[in-house]
Amino acid sequence: MTEKNLIVDKDKCVSCGLCVKDCIAYALELDENKKPRFSNGGENRCIQCQHCLAVCPVGAISILNKKPQDSDPVWEQNPNAIFNLIKSRRSIRHYKPENLDEQTMQKLKDMLNWTPTGCNFHKLHFAFVEDKEVMDKIRTHVNTKLIKILTEGLVSKIKTKFSHYKNALLKGEDVIFRGAPHMVVVSAPINAPCVNIDPVIALSYFELYAHSLGVGTCWCGFAHICMQFFPELARQMKVPEGYKIVYVMLFGKPDVKYSRTTQPEPFESVTIDSFNPQKISLTEKIKHFFVNTIR
Ligand SMILES: Cc1cc2nc3c(=O)[nH]c(=O)nc-3n(C[C@H](O)[C@H](O)[C@H](O)COP(=O)(O)O)c2cc1C
């Protein structure tokens, strides 16, 4: 793709070369007057990350029709506030039975544009259920279908997965969607370099930003399973051709308040303090391949 439209304000440019240094694609070089320009083939290599626009200390670079004056300044962050945000986020399974206001919904949607994707492959697809009434229809459809499978269906993967929840479902509990008024379903092109990772990053950003706005979220593996097994449900998410649904998150105004953070058990963490590569046996090589690439 060409026409990346690199425009350098040569009066402002101080020839520091930071744009060239920070370009992952080696797409830029300094010309004979020490001003940035596309290197040979650079325009095609450019991954549209806009680092050149962002790093320029004097705002001399516009690219992709984006001008530096339209970017936000970068603030100093408060690490304690951010750590508290992370620690105090909870999976919310009790929601007020009402829609979020439009501005909050819009803020959540807008934020998603800033989540990173592998190779800056900026083609995620987000399907938002913004109206609780639509969510109620989805809930009824899925719960009715699951009850039928659990009570009448033959042995199947989905029957096994949800067998623990048969009684709760029969009692009318919304085991899958937890009464959430909203849901976002994220899909990515099957040929995206990081098809299974990008949507998860987007939802991780989403849940933290939502929490900062007083909006509760819950990762929903159960809803994802339903998307996988019930094509008529997935079809309603308007997923483009060639995309796969990667994950689902419930959200809405929480109807539960947590007074303190939890105290999780630490994960295993090691320090690598030396490097002595050793010969690897063929068996180990095969095992390594299967564990790290196939699964
Ligand atoms: C990938 C993933 C899938 C999850 N799926 C569900 C789910 O289907 N239903 C649910 O109620 N919670 C689900 N959870 C929430 C976890 O149970 C929850 O994160 C965990 O119990 C820790 O609680 P906390 O998130 O409040 O710290 C999921 C969490 C993750 C990360």
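Computed from heavy atoms alone, side chains included, the values below leave out hydrogens, waters and symmetry copies. Here, residue 1 is the first one in the sequence, and each next residue gets the next number. Whatever order the structure lists them in is the order used to number ligands and atoms, beginning at 1.
- Listed by first then second residue, pairs satisfying side chain to side chain donor-acceptor pair (under 3.5 Å) with a partner in residues 167-185 read R139-D174, N143-D174, not counting sequence neighbours.
- Taking a cutoff of 4.0 Å between a charged side-chain nitrogen and a carboxylate oxygen, K66 and D70 do not qualify as a salt bridge.
- Among protein residues, R89, R90, S91, R93, R178, C218, W219, C220, G221, F222, Y247 come within 4.0 Å of ligand 1, judged on heavy atoms.
- Not counting sequence neighbours, K244 has no partner by the salt bridge (charged side-chain N to carboxylate O under 4.0 Å, His left out) test.
- Remark: K123 NZ is loosely packed, at most 12 non-hydrogen atoms of other residues, nucleotides or ligands lying under 6.0 Å away.
- F128 and F251 have perpendicular rings, their planes meeting at more than 60° on a 0 to 90° scale where under 30° would count as parallel.
- For E32, the salt bridge (charged side-chain N to carboxylate O under 4.0 Å, His left out) criterion is met by R37, not counting sequence neighbours.
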